[in-house]
Amino acid sequence: MKRTATTIFVLLVALFAAAISVTPAAAALRSPQVAVVGGSLQAYFNSVGETINVNTDQDATQTWSHTVSGTTTYTIQFQSSPNAAIQQFGMYNASAVIPPLFFLMSGSVGPLGFSTATFKPGNILVVNRFDALGNFLSTTTFGGVDPTNFGFYLSVSAGTVFTQDARNPGGLARAITFQGTGANAGTWWLCWDEPLASAPGDQDFDDLVVLMESVNPTPVSRTTWGQVKARFR
C-alpha cells in the first residue's frame, strides 16, 4: 500500500510540475540569416543580459498563435528611430490576402510602454494599452481576429512592413525574431527595420524592439505569398 501511495504521489507531483513549467516552443533558425548592420542591436541585447548573437541566432518564425492563457503582452524595450513617436505597431491575420490591421500600441509611449491582448471566444481581441508606469491609456475591441495564425506590422509615414517577408516590397525581411535567453527564456524578441522614404531601410533592426510574452510560433513553412493568394482565387 505504501508503495502504491508513493507512486500516485510522484505521478501527481509530475503532472503538477508539467502544468506550471514553461518550455519555449520549438522553432528553427532563419536560413539564410539576415545581415544586421551596425552594432546597436547587439549592444542592447548585451546590456540586458541576453546571450543572443544577432547575426546567427535569428529565428525563422514569422507568424504566431496565442498560448493557453489567452492573453499576450507586448512591451516596447528599445527604439532607435527619428520616427519613434509616430510608429504604429500591431497584428494582422497572417492568412488574409488584404488583412485588416489590429492596432496594439504606438511608439509614442516610449521604452517600457506596453499592451495586453486578450483573445475572447468568437475571434474577439481586447487590447489594453499602458504607459511605462503602468498607467492605463486606452482600450479597443477588435473582431475577426485569428488567434491561431497572426503576424505583426509596423507602420510609419513611409509605409507599412510585416513580419511575413513575402508581404514586404522585394520580399525583404523587415522584422527578425529571437528567442529570449536566461531570465527571458520563453519570451520572444521582435526587432524591426522600418521603411524609409528614400530607401528600403538601413538594416539595423533596432528601430523598434518589442518583447513578446505568451505567444507561440506557428509551424514554419516555405509557402510563398503567391501561394497564399492563390488559396483565395
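Bear in mind that the values here come from a model prediction, so they are computed numbers and not experimental data. Computation of the quantities below employed the complete heavy-atom set of this structure, encompassing side-chain atoms and omitting hydrogens, waters and symmetry-equivalent molecules. Throughout, numbering of the chain's residues begins at 1 and tracks the sequence.
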Whether [X] side chain and [Y] backbone form a donor-acceptor pair below 3.5 Å:
X: R167; Y: A94; answer: yes
X: D131; Y: G134; answer: yes
X: R129; Y: L104; answer: yes
X: Q33; Y: Q58; answer: yes
X: Q42; Y: V54; answer: yes
X: D207; Y: E194; answer: yes
X: Q164; Y: G151; answer: no
X: T163; Y: Q62; answer: yes
X: N184; Y: G49; answer: no
X: S115; Y: N128; answer: no

With rounding to the nearest 0.5 angstrom, report the [atom1] to [atom2] distance, [X] to [Y].
X: L125; Y: T141; atom1: CG; atom2: OG1; value: 8.0 Å
X: S80; Y: Y44; atom1: OG; atom2: OH; value: 12.5 Å
X: L29; Y: Q179; atom1: CG; atom2: CD; value: 8.5 Å
X: D193; Y: N168; atom1: CG; atom2: CG; value: 10.0 Å
X: S138; Y: M105; atom1: OG; atom2: CE; value: 11.5 Å
X: N216; Y: W188; atom1: CG; atom2: CH2; value: 8.5 Å

Before giving the answer on side-chain contact (heavy atoms from CB on, under 4.5 Å), spell out for I52 and T181 the whole-Å C-alpha distance, their side-chain angles and the decisive distance to 0.1 Å.
CA-CA 7 Å; I52 291 173; T181 65; 4.1 Å; yes
Indicate the atoms forming the closest heavy-atom contact of [X] with [Y], along with that distance.
X: Q77; Y: P111; answer: O-CB, 3.9 Å
X: P121; Y: I124; answer: O-CG1, 3.6 Å
X: A173; Y: V34; answer: CB-CG2, 3.8 Å
X: S106; Y: A85; answer: OG-O, 3.8 Å
X: P195; Y: A158; answer: O-CB, 3.6 Å

Under the criterion side-chain contact (heavy atoms from CB on, under 4.5 Å), I'd like the reasoning laid out for V37 against D202: C-alpha separation, chi angles, the key distance, then a yes or no.
CA-CA 7 Å; V37 176; D202 52 18; over 6 Å; no
Out of curiosity, does [Y] fall in the hydrophobic cluster containing [X] (side-chain heavy atoms, cut-off under 4.5 Å, transitive links)?
X: F162; Y: F142; value: yes
X: L101; Y: F89; value: yes
X: V161; Y: Y153; value: yes
X: L172; Y: W192; value: no
X: L190; Y: V127; value: yes

F150 and F119 aromatic centres sub-6.0 Å:
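Yes, ring centres under 6.0 Å apart.
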Between [X] and [Y], is any pair of side-chain heavy atoms under 4.5 Å apart?
X: S214; Y: T73; result: no
X: V145; Y: H66; result: no
X: R174; Y: L154; result: no
X: P147; Y: N123; result: yes
X: L41; Y: D204; result: no

Run the side-chain contact (heavy atoms from CB on, under 4.5 Å) check on W64 and T72 step by step: do they pass?
CA-CA 11 Å; W64 309 83; T72 64; over 6 Å; no
Checking ring-ring contact (aromatic ring centres under 6.0 Å, His included) between F45 and each of F178, F205, F78, which is the one that passes?
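Passing option: F178.
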Quick check on ring-ring contact (aromatic ring centres under 6.0 Å, His included): which of F152, F102, F114 does Y74 satisfy it with?
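Of the listed options, the one satisfying the test is F152.
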Would Q87 and I76 count as a side-chain contact (heavy atoms from CB on, under 4.5 Å) here? Give the steps.
CA-CA 11 Å; Q87 290 170 336; I76 293 177; 5.8 Å; no
If we check side chain to side chain donor-acceptor pair (under 3.5 Å) with T63, which of these qualifies: N149, D146, T148?
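Among N149, D146, T148, the one that satisfies the side chain to side chain donor-acceptor pair (under 3.5 Å) with T63 is N149.
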Is there a donor-acceptor contact under 3.5 Å linking the side chains of T71 and S69?
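Distance-only check fails for T71 and S69.
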Do the side-chain N and O atoms of N53 and D57 include a donor-acceptor pair separated by under 3.5 angstrom?
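There is no such pair (donor and acceptor under 3.5 Å, judged by atom type) between the side chains of N53 and D57.
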